[in-house]
Colleague: 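First, the structure itself, so that you have it in front of you.
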Amino acid sequence: MLVRDAMSTVVLTIGPAHTLRQAARLMAERRVGAAVVLDTDAGGLGILTERDILISVGSGQDPDLETAGTHTTTDVVFAAPSWTLEDAADAMAHGGFRHLIVLDGEGPVGVVSVRDIIRCWAPGRRRSHPQPDALVG
């Protein structure tokens, strides 16, 4: 199976001036764990993940003052849609990250995550734990 078969084509693209709160709200609305940060001044793409926001907030930084650009990972490994899922999983395992921006030509066409790969590798597995929205309080 290939990255194109597993990737999410919902690509949230934000600018470096977005606050972490704005980024978190957009990520939550789209139900994605990462945003592609397009910095035209720096001439490149970066990625802001849930973990980046969590680290900032956990260290006491104000999500209304901190910007995406300050917390963006710019040393990014990109995937091609034609990569195998094994190639993507290997890149993630060796790099210690959970998301890859998928590039086709000049721009991002998707994001593939560890979760996407697991869904493809274990499509028939039943969930052993209820999902948060299925919990009754």
Side-chain angles (χ1 to χ4, degrees):
M1 190 167 277
L2 302 177
V3 164
R4 75 170 45 93
D5 302 318
M7 71 182 190
S8 169
T9 56
V10 176
V11 180
L12 172 59
T13 304
I14 64 173
H18 278 81
T19 67
L20 292 188
R21 184 177 308 278
Q22 291 170 325
R25 184 176 352 98
L26 292 169
M27 290 164 64
E29 287 172 0
R30 287 165 180 79
R31 299 179 57 94
V32 296
V36 175
V37 180
L38 176 59
D39 189 346
T40 54
D41 293 335
L45 296 174
I47 192 164
L48 178 74
T49 67
E50 298 164 316
R51 183 182 299 169
D52 298 322
I53 295 170
L54 183 65
I55 289 169
S56 173
V57 172
S59 69
Q61 295 177 333
D62 186 339
D64 291 314
L65 299 177
E66 294 297 314
T67 63
T70 305
H71 298 277
T72 296
T73 300
T74 55
D75 185 19
V76 179
V77 175
F78 298 100
S82 60
W83 278 20
T84 66
L85 293 186
E86 290 80 5
D87 292 336
D90 187 54
M92 290 178 192
H94 283 91
F97 44 82
R98 298 177 296 173
H99 298 85
L100 289 169
I101 299 171
V102 183
L103 294 182
D104 191 11
E106 293 297 315
V109 294
V111 174
V112 65
S113 70
V114 169
R115 180 178 292 175
D116 297 326
I117 293 171
I118 290 170
R119 284 184 184 140
C120 289
W121 283 348
R125 291 190 58 105
R126 293 180 55 217
R127 293 183 180 159
S128 60
H129 302 291
Q131 293 298 306
D133 57 1
L135 296 176
V136 178

Colleague: Roughly how far, to the nearest 0.5 Å, is the CZ atom of Arg119 from the OG atom of Ser8?
Modeller: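 Atom-to-atom, Ser8:OG and Arg119:CZ are 9.0 Å apart.
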
Colleague: Compare every heavy atom of Val112 with every heavy atom of Ala6, then report the nearest pair and how far apart it is.
Modeller: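 Closest approach of Ala6 to Val112: CB-CG2, 4.3 Å.
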
Colleague: Of all the heavy-atom pairs spanning Thr19 and Pro63, show the shortest one and how long it is.
Modeller: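 Result for this residue pair: CB-O, 3.4 Å.
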
Colleague: Which is it for His71 and Ile53 under the side-chain contact (heavy atoms from CB on, under 4.5 Å) test, yes or no, and what are the steps along the way?
Modeller: CA-CA 8 Å; His71 298 277; Ile53 295 170; over 6 Å; no

Colleague: Within this structure, what is the CG-CG distance for the pair Leu85 and Leu2, rounded to the nearest 0.5 Å?
Modeller: 7.0 Å

Colleague: Just so I know, are the side chains of Ser113 and His99 near enough to count as touching, which here means a heavy-atom distance under 4.5 Å?
Modeller: yes

Colleague: If you measure from CG on Leu48 to OG1 on Thr70, what distance do you get to the nearest 0.5 Å?
Modeller: 10.0 Å

Colleague: Measuring from Ile14:CD1 to Gln22:CD, what's the distance to the nearest 0.5 Å?
Modeller: 8.5 Å

Colleague: Measure the shortest side-chain to side-chain distance between Arg4 and Asp104 over non-hydrogen atoms and say whether it is less than 4.5 angstrom.
Modeller: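 Heavy-atom side-chain distance check fails, nothing below 4.5 Å.
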
Colleague: Can you see which heavy atom on Ser56 is nearest to which on Ser59, and at what distance?
Modeller: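 Looking at all heavy atoms of both residues, the shortest contact is O-OG, 2.9 Å.
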
Colleague: Report yes if the side chains of Val32 and Val111 come closer than 4.5 Å at any heavy-atom pair, otherwise no.
Modeller: no

Colleague: Determine, using the 4.5 Å side-chain heavy-atom cutoff (strictly less than), whether Val102 and Val10 are members of one ILVMFWY cluster.
Modeller: no

Colleague: Run through Thr67, Thr72, Ile47, Asp52 and flag the one making a side-chain contact (heavy atoms from CB on, under 4.5 Å) with Val37.
Modeller: Thr72

Colleague: Are Asp90 and Asp87 packed together at the side-chain level, in the sense that at least one heavy-atom pair is separated by less than 4.5 angstrom?
Modeller: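 The answer is no, as the side chains (C-beta and beyond) never meet within the 4.5 Å cut-off.
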
Colleague: Identify the heavy atoms of Val3 and Ala88 that sit nearest to each other, and give their distance.
Modeller: CG2-CB, 3.9 Å

Colleague: Walk me through whether Leu45 and Thr13 qualify under side-chain contact (heavy atoms from CB on, under 4.5 Å).
Modeller: CA-CA 9 Å; Leu45 296 174; Thr13 304; 5.9 Å; no

Colleague: Considering all heavy atoms of both residues, which atom of Asp39 and which atom of Pro16 are nearest to each other, and what is their separation?
Modeller: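 Of all heavy-atom pairs spanning Asp39 and Pro16, the closest is CG-CG, 3.8 Å.
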
Colleague: Flag yes if Met1 and Trp121 sit in one hydrophobic cluster, no otherwise; membership is Ile, Leu, Val, Met, Phe, Trp, Tyr, and two members link when side-chain heavy atoms are under 4.5 Å apart.
Modeller: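 Yes.
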
Colleague: Start with the C-alpha gap between Leu100 and Trp83, add the side-chain angles, then the distance that decides, and say whether side-chain contact (heavy atoms from CB on, under 4.5 Å) holds.
Modeller: CA-CA 11 Å; Leu100 289 169; Trp83 278 20; 4.1 Å; yes

Colleague: Is the closest side-chain heavy-atom distance between Glu66 and Asp62 below 4.5 Å?
Modeller: no

Colleague: Looking at Asp75, I want to see if its CG is surrounded by more than 12 non-hydrogen atoms of other residues, nucleotides or ligands under 6.0 Å.
Modeller: no

Colleague: To the closest 0.5 Å, what do you measure between CZ (Arg25) and CZ (Arg30)?
Modeller: 10.5 Å

Colleague: Can you name the closest pair of heavy atoms from Val109 and Pro81 and give their distance?
Modeller: CG2-CG, 4.3 Å

Colleague: Hey, mind stepping through Glu29 and Leu12 against side-chain contact (heavy atoms from CB on, under 4.5 Å) and telling me if it holds?
Modeller: CA-CA 10 Å; Glu29 287 172 0; Leu12 172 59; over 6 Å; no

Colleague: With side chains defined as the heavy atoms from C-beta onward, is the minimum distance between Val77 and Phe97 less than 4.5 Å?
Modeller: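 When only atoms from C-beta onward are counted, Phe97 and Val77 do touch, with a gap below 4.5 Å.
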
Colleague: Could you state the interatomic distance from CD (Glu86) to CD1 (Ile117), rounded to the nearest 0.5 Å?
Modeller: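 Here the rounded value is 8.5 Å.
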
